[in-house]
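Because the structure is predicted, anything quoted here is derived from the model rather than measured. For the numbers below, each heavy atom of this structure counts, side chains included, while hydrogens, waters and symmetry mates do not.
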Amino acid sequence: MRGLTRRALFAGSAAGAGAALLPTGPAQAKPNSKPARTCVSYRAGYHFTVPDQWKNDPQRPLWIDGEYHYYYLYNADYLAGGEVGTAWRLATSTDLVSFTDRGIAVPKDTTVNGDVWSGSAVVDSGDTAGFGAGAVLAVVTMSPGGGTDHQAQFLYYSTDGGRTFTNHGTDPVLPSPSAGADFRDPKVIRDEDHDRWVMALAEHNKIGFYHSVDLKSWTYTGGFVKDGIGVLECPDLFRITAADGTGKWVLGVSADGTGSGQPNTYAYWTGSFDGGAFTADSADPQWLDHGWDWYGAVTFEKRDRAGSVDPAARYALGWLNNWAYAHTTPTIDADGFNGTDSIVREITLKKSASGGYYLASRPVTALDSYVSRTVRFGDLTVDGTRLLDYTGISYELTTEVTWSRLTGAGVQLRRSPDGGRHIDAGVWGDYAFLNRRGSVNPDTSGNRQESRSPFDPSAGRVKLRILVDRTSVEMFVDDGRYVHSSEVFPYLVDDRLALFSAGGTAVFRNTVIREFTV
């Protein structure tokens with residue numbers, strides 16, 4: 001994504017961009033200087049973070065030899081401000097909570113085409129490409145000649161289980177139709193019904209569809225056009241089955257709908273796909289996350305320990321950042337890196353009361369294995385604000401709020417000792433919300449402070465599951481019907497927690513806090 005201006009985005013100073021966000025941080029660093037280290041750490045406690053330097057787009061993880069291979073865009077020269085652009089770095093995991101760094105898998109600047117951008121990798125079990133059965137093939141976007149005037153798709157291959165890749169020449173397997181066109185982020189899946197590969201490709205306001213028998217030569221079959229949500233990026237295409245047996249194809253994109261009052265995350269449509277064209281159930285998209293910072297997201301197969309695929313569920317993860325303020329974070333100066341991901345979440349297809357289908361989300365169940373402390377508050381009655389006897393900066397809060405008459409209710413997260421700073425999350429009137437305005441955060445424009453999603457107050461209850469970490473909050477509403485993910489940079493001394501209600505009394509039932517050690 002953002003491939004056309006990738007190098008421009010990385011040019012200049014990264015060091016010092018977050019210094020002003022530290023509670024007692026150093027003075028603003030000069031351009032191209034090394035980060036000034038502090039005695040504090042903003043590195044997430046249980047979310048995936050890049051070991052150093054920079055990361056952005058996740059690449060769809062693959063199941064290989066009993067573990068997930070997670071590739072992501074990585075720039076080793078980010079803090080130095082020197083040579084710029086991204087490679088693919090690899091981390092592996094068996095449970096999608098704890099990851100092992102494996103270093104660079106697809107290097108940058110080893111051909112005339114420069115660095116490598118987003119794409120997708122597949123396991124070629126049938127040796128369709130001729131590199132051997134089980135070879136791992138990656139189709140990636142690059143700019144021919146290493147410039148920025150146009151984009152094309154190139155092929156890399158691995159014969160060591162996806163640990164290292166070699167380029168398949170320097171010519172594109174899918175050339176750009178015109179200079180300057182948005183033509184990037186290939187998502188490749190296997191179409192067993194037609195015994196071929198299918199690619200979804202981001203082409204400005206269109207997702208183009210292509211097919212191939214060998215991953216080396218591609219034929220255009222059609223496209224899905226959507227205006228009004230900005231440039232479409234990082235497409236996703238998969239099939240999933242609901243509990244009632246209904247199967248749906250899902251087309252997803254990363255998009256910016258803020259101009260029309262919509263999220264800036266992952267838009268998706270349910271519908272049908274015939275191998276060449278996607279037909280949506282509705283013209284308007286749904287959104288897998290309603291916060292400000294869940295971008296470049298990918299979904300991938302859920303497998304059991306034996307490697308069998310679950311047709312009724314998938315996993316998903318996104319980049320916890322936003323291109324509007326991508327280089328603003330205290331982790332640069334405190335910890336020497338910029339790049340955090342959301343928790344991996346499991347998504348399922350559910351039928352709504354109106355008869356349509358939507359994707360519900362919940363944190364990956366393996367997170368339960370890393371619980372190091374549990375604090376149970378039971379049922380708490382709140383009329384106004386109630387400060388809890390708890391301090392923490394990295395934890396999970398679950399509760400079910402009930403009421404008979406109420407304007408709003410929720411929690412004050414990462415509250416300061418004097419109560420003047422906090423992040424608010426809960427419901428108000430006919431919407432659920434996550435508001436970071438009362439705490440330090442990356443948005444200086446003021447336009448991305450509160451996120452909202454629909455809520456029916458007549459239900460008289462709402463379930464909240466909120467993941468809080470050093471620089472992020474992820475709120476799951478009513479079993480993941482809606483999710484809000486946003487970056488937040490509260491001072492590390494802001495570790496209090498309070499409950500609130502407005503316009504009546506609320507009961508926060510079965511209120512539990514869990515802490516994790518990963």
[X]: which residues meet the salt bridge (Lys or Arg N to Asp or Glu O under 4.0 Å) condition with it, sequence neighbours left out?
X: Arg239; result: none
X: Asp383; result: none
X: Asp430; result: none
X: Arg461; result: Glu400

Determine the minimum heavy-atom distance between [X] and [Y], stating which atoms define it.
X: Trp292; Y: Thr265; answer: C-CG2, 4.5 Å
X: Tyr68; Y: Pro61; answer: CD2-CB, 4.4 Å
X: Thr505; Y: Trp403; answer: O-CB, 3.7 Å
X: Pro454; Y: Tyr482; answer: O-CE1, 3.4 Å
X: Gly228; Y: Gln262; answer: O-NE2, 4.4 Å
X: Leu349; Y: Thr246; answer: CD2-O, 4.0 Å

Item to check | Sole candidate of Thr444, Asp443, Asp293, Asn441 that passes side-chain hydrogen bond (donor to acceptor under 3.5 Å, both in side chains) when paired with Tyr325 | outcome: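 Filter result, single survivor: Asp293.
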
Do the non-hydrogen side-chain atoms of [X] and [Y] ever get within less than 4.5 Å of each other?
X: Ile229; Y: Asp256; result: no
X: His327; Y: Pro442; result: no
X: Tyr370; Y: Asp95; result: yes
X: Tyr295; Y: Asn322; result: no
X: Val483; Y: Leu288; result: no
X: Asp310; Y: Asp304; result: no
X: Trp287; Y: Tyr266; result: no

Next on the checklist: Test side chain to side chain donor-acceptor pair (under 3.5 Å) on Ser282 and Asp284; report intermediate values, then the result.
Outcome noted: CA-CA 5 Å; Ser282 173; Asp284 294 327; 5.0 Å; no

Tell me if a side-chain donor or acceptor on [X] pairs with a main-chain N or O of [Y] at a distance below 3.5 Å.
X: Asn264; Y: Ala255; result: yes
X: Gln286; Y: Tyr357; result: yes
X: Thr299; Y: Ala316; result: no

Would you compute the distance between atom [atom1] of [X] and atom [atom2] of [Y] and round it to the nearest 0.5 angstrom?
X: Asn56; Y: Ser118; atom1: CG; atom2: OG; result: 6.5 Å
X: Arg386; Y: Leu388; atom1: CZ; atom2: CG; result: 7.0 Å
X: Phe377; Y: Ile513; atom1: CZ; atom2: CD1; result: 4.5 Å
X: Met199; Y: Leu237; atom1: CE; atom2: CG; result: 12.5 Å
X: Leu251; Y: Ser272; atom1: CG; atom2: OG; result: 11.0 Å
X: Leu497; Y: Ile393; atom1: CG; atom2: CD1; result: 13.5 Å

Checklist entry - Between Asp341 and Tyr70, is a side chain to side chain donor-acceptor pair (under 3.5 Å) present by the stated rule, with each step listed? => result CA-CA 12 Å; Asp341 284 342; Tyr70 169 42; 2.4 Å; yes

Checklist entry - Would you call Glu233-Arg184 a salt bridge at under 4.0 Å N-O? => result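 Counted as a salt bridge, because a side-chain N and a carboxylate O are separated by less than 4.0 Å.
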
Under the rule for side-chain hydrogen bond (donor to acceptor under 3.5 Å, both in side chains), what residues qualify as partners of [X], not counting sequence neighbours?
X: Gln53; answer: none
X: Asn510; answer: none
X: Asp52; answer: Tyr74
X: Lys226; answer: none

Got a sec, which pairs hit salt bridge (charged side-chain N to carboxylate O under 4.0 Å, His left out) with one end in [range], sequence neighbours left out?
range: residues 490-518; answer: Asp368-Arg514, Arg373-Glu515, Asp379-Arg509, Glu396-Arg514, Arg421-Asp494
range: residues 474-492; answer: Arg345-Glu474, Lys463-Asp479
range: residues 405-419; answer: none

Which atom pairs, one a donor and one an acceptor, fall under 3.5 Å between side chains of residues 358-365 and the rest of the protein, sequence neighbours left out?
{"residue": "Arg362", "atom": "NH2", "partner": "Glu346", "partner atom": "OE2", "Å": "3.4"}

Item to check | Near-ring test Phe516/Tyr46, centroid separation under 6.0 angstrom | outcome: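 Yes, the ring of Tyr46 comes within the 6.0 Å limit of the ring of Phe516, centre to centre.
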
Next on the checklist: Would you say the ring centers of Phe433 and Phe455 fall short of 6.0 Å from each other?
Outcome noted: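 Aromatic pair excluded; centres sit 6.0 Å or further apart.
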
Checklist entry - Should Lys248 and Asp281 be marked as a salt bridge (charged side-chain N to carboxylate O under 4.0 Å, His left out) after you check the CA-CA gap, both sets of side-chain angles, and the distance that decides it? => result CA-CA 10 Å; Lys248 290 285 185 180; Asp281 293 332; 3.0 Å; yes

Next on the checklist: As a quick check of understanding, evaluate ring-ring contact (aromatic ring centres under 6.0 Å, His included) for Phe278 and Phe224, giving each step before the final call.
Outcome noted: CA-CA 7 Å; Phe278 178 83; Phe224 178 84; 5.7 Å; yes

Checklist entry - How far apart are the C-alpha atoms of Thr398 and Arg465, what are their side-chain angles, what is the distance that settles it, and do they pass the side chain to side chain donor-acceptor pair (under 3.5 Å) test? => result CA-CA 4 Å; Thr398 57; Arg465 183 176 183 182; over 6 Å; no

Item to check | Residue among Trp88, Phe99, Phe48 satisfying ring pair (Phe, Tyr, Trp, His ring centres under 6.0 Å) with Tyr72 | outcome: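 Result for ring pair (Phe, Tyr, Trp, His ring centres under 6.0 Å) with Tyr72: Phe48.
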
Next on the checklist: Can you see whether Phe300 has Arg314 sitting over its ring - NZ or CZ less than 6.0 Å from the centre and within 45° of the normal?
Outcome noted: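 Pair Arg314/Phe300 does not count as cation-pi.
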
Item to check | Mutual orientation of the aromatic rings belonging to Tyr78 and Trp54 [parallel < 30°, tilted 30-60°, perpendicular > 60°] | outcome: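 Tyr78 and Trp54: tilted rings.
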
Checklist entry - Under 3.5 Å, is there a donor-acceptor pair between the His484 and Ser453 side chains? => result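 Present: a donor and an acceptor within the cut-off.
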
Item to check | Stepwise salt bridge (charged side-chain N to carboxylate O under 4.0 Å, His left out) check, Asp424 with Arg437 | outcome: CA-CA 9 Å; Asp424 298 334; Arg437 184 175 291 109; over 6 Å; no

